[in-house]
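Counting starts at 1 for both ligands and their atoms, following the listed order.
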Amino acid sequence: MTETLPPLLLIGCGKMGGAMLTGWRERGLGETIVVDPFANGPIPRATLLRDPAEIPRDFAPAAVILATKPQEAPATLPAYARFAGGAVFVSIMAGKTVGFMQGLLGAGAAVVRAMPNTPAAVRQGFTVAFAGPGVTAAQRSLADTLLAATGEVDWVEQEGLLDPVTAVSGGGPAYVFLLAELLEAAAVEQGIPPDLARRMSRATVAGSGALLAASAEDAAQLRKNVTSPKGTTERALAVLMAESAWPQAISQAIAAATARSRELAG
Ligand SMILES: NC(=O)C1=CN([C@@H]2O[C@H](COP(=O)(O)OP(=O)(O)OC[C@H]3O[C@@H](n4cnc5c(N)ncnc54)[C@H](OP(=O)(O)O)[C@@H]3O)[C@@H](O)[C@H]2O)C=CC1
Ligand SMILES: O=C(O)[C@@H]1CCC=N1
């Protein structure tokens, strides 16, 4: 049996923070406080507070998870600097660098910067993490346990990689959901009834994802397996794979998101 998690302090319980909390609850929450002025309560097996001033003086979290919007960091983080002595900070905020967070939490604060994604809500997330200076082996191991509760985790040694990671896996689910939306709209355009169009588009995206996850084959080979010579898919792919179509659009989209992550740094 896995051990209960140590005391946790979650700052911001929106879409991503809430998804991670669900994973931790399934893993076995210990004493947990959530601070969010706006979240709907109550939160099962955690104490929801509206203001950091309400945190009991003797509460000693092993990890403080920073899950508010990046733009809220300057106003939000200083109230948590008092935990820098014992806790590891795990930030999932897009763009915000370890150095920026140490500027608000204290130069000695141990900070892990991580980028999860929303499939974490069904424990199929993918997180890439970077450990800042001063993070101990035990703190890194705790951060890994927390992030692994919602899916796969990988660590990088170069913080700058977190910007393209944010563009690819952080935002990636949005691009896949967009594909489902566009397939649905195109199906309706071709005369398929809306309810059937919706169900078949969702099932096609979800089923393809499941096949990709289960298969040892490359994505390119799985694509080729669908593409019969001189068949229908070949015609569709001639449109989508033209250099000026998806290859360029995806490349530009990832470059734009990466640039935005860098902009959010300061
Ligand atoms: N959504 C995603 O797919 C991913 C998001 N992230 C990162 O996660 C972070 C949160 O994103 P997301 O969950 O989408 O955003 P949400 O807006 O859903 O969540 C942020 C939560 O923090 C609350 N909040 C606002 N001010 C404070 C405060 N001072 N103290 C505590 N809580 C506060 C917000 O309330 P209110 O909304 O009412 O302002 C909201 O409930 C961002 O930094 C983002 O970059 C990372 C990976 C993926
Ligand atoms: O859009 C964003 O900024 C956040 C980070 C990755 C996914 N959502």
Flag yes if more than 12 heavy atoms outside [X] fall under 6.0 Å of its [atom1] atom; otherwise flag no.
| X | atom1 | value |
| --- | --- | --- |
| D51 | CG | yes |
| E159 | CD | yes |
| R202 | CZ | no |
| Q221 | CD | yes |
| R198 | CZ | no |
| R45 | CZ | no |

Open item on the list: If you measure every N or O of N117 against every N or O of ligand 1, does any of those distances drop under 3.5 Å?
Closed with: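 No; the residue has no nitrogen or oxygen that sits under 3.5 Å from a nitrogen or oxygen of the ligand.
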Open item on the list: Under 3.5 Å between any N/O of Y80 and any N/O of ligand 1: does that happen in this structure?
Closed with: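 No - when backbone and side-chain N and O of Y80 are compared with those of ligand 1, no distance drops under 3.5 Å.
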Task: Sub-4.0 Å protein heavy atom near atom 2 (C) of ligand 2 - done: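 No, no protein heavy atom sits under 4.0 Å from atom 2 (C) of ligand 2.
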Open item on the list: Can you check which of A121, P116, G12 brings a heavy atom nearest to atom 48 (C) of ligand 1?
Closed with: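 Selected option, by shortest heavy-atom distance: P116.
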Task: Selected option - heavy-atom contact closest to atom 8 (O) of ligand 1, from I92, V165, T118 - done: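 It is I92 that holds the nearest heavy atom.
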For [atom], what's the nearest protein heavy atom and its distance?
| atom | value |
| --- | --- |
| atom 11 (O) of ligand 1 | M16 CB, 4.4 Å |
| atom 35 (O) of ligand 1 | F38 CD1, 3.2 Å |
| atom 4 (C) of ligand 2 | A94 CB, 4.7 Å |
| atom 6 (C) of ligand 2 | G170 C, 3.6 Å |
| atom 40 (C) of ligand 1 | D36 OD2, 3.6 Å |
| atom 19 (O) of ligand 1 | G14 CA, 3.2 Å |
| atom 39 (O) of ligand 1 | K69 NZ, 3.5 Å |
| atom 18 (O) of ligand 1 | K15 N, 3.0 Å |
| atom 9 (C) of ligand 1 | T68 O, 3.4 Å |
| atom 20 (C) of ligand 1 | A67 O, 3.7 Å |

Looking at [X], which atoms of ligand 1 are within less than 4.0 Å of one of its heavy atoms?
| X | answer |
| --- | --- |
| E72 | 24 (N), 25 (C), 26 (N), 39 (O) |
| M115 | 46 (C), 47 (C) |
| P37 | 27 (C), 28 (C), 30 (N), 31 (C), 32 (N), 33 (C) |

Open item on the list: Run F59 and E31 through side-chain contact (heavy atoms from CB on, under 4.5 Å) and show every step you take.
Closed with: CA-CA 9 Å; F59 183 60; E31 189 181 7; 3.7 Å; yes
Taking non-hydrogen atoms only, is [X] closer than 4.0 angstrom to ligand 1 via side chain, backbone, both or neither?
| X | answer |
| --- | --- |
| A94 | both |
| V35 | backbone |
| M93 | both |

Open item on the list: One pair to check against side-chain contact (heavy atoms from CB on, under 4.5 Å): L48 and C13. What are the steps and the verdict?
Closed with: CA-CA 9 Å; L48 174 61; C13 193; 5.7 Å; no
Task: Smallest separation among heavy atoms of P116 and M20, with atom names - done: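 Closest approach of P116 to M20: CG-SD, 4.2 Å.
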- [ ] Could you tell me which non-hydrogen atom of L142 sits nearest to which non-hydrogen atom of A62, and how far apart they are?
- [x]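 Of all heavy-atom pairs spanning L142 and A62, the closest is CD2-CB, 3.6 Å.
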- [ ] Please round to the nearest 0.5 Å and tell me the distance separating atom CG of D154 and atom CG of L161.
- [x]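 Here the rounded value is 10.5 Å.
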Open item on the list: Salt bridge or not between D144 and R140? Use side-chain N to carboxylate O under 4.0 Å.
Closed with: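 Result for this pair is no, no salt bridge flagged.
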Open item on the list: Whether the side chain of S169 engages the backbone of V165 through a donor-acceptor N/O pair (distance < 3.5 Å, no angle test) should be reported.
Closed with: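 Yes, the answer is positive, given that a donor and an acceptor are paired below the 3.5 Å cut-off.
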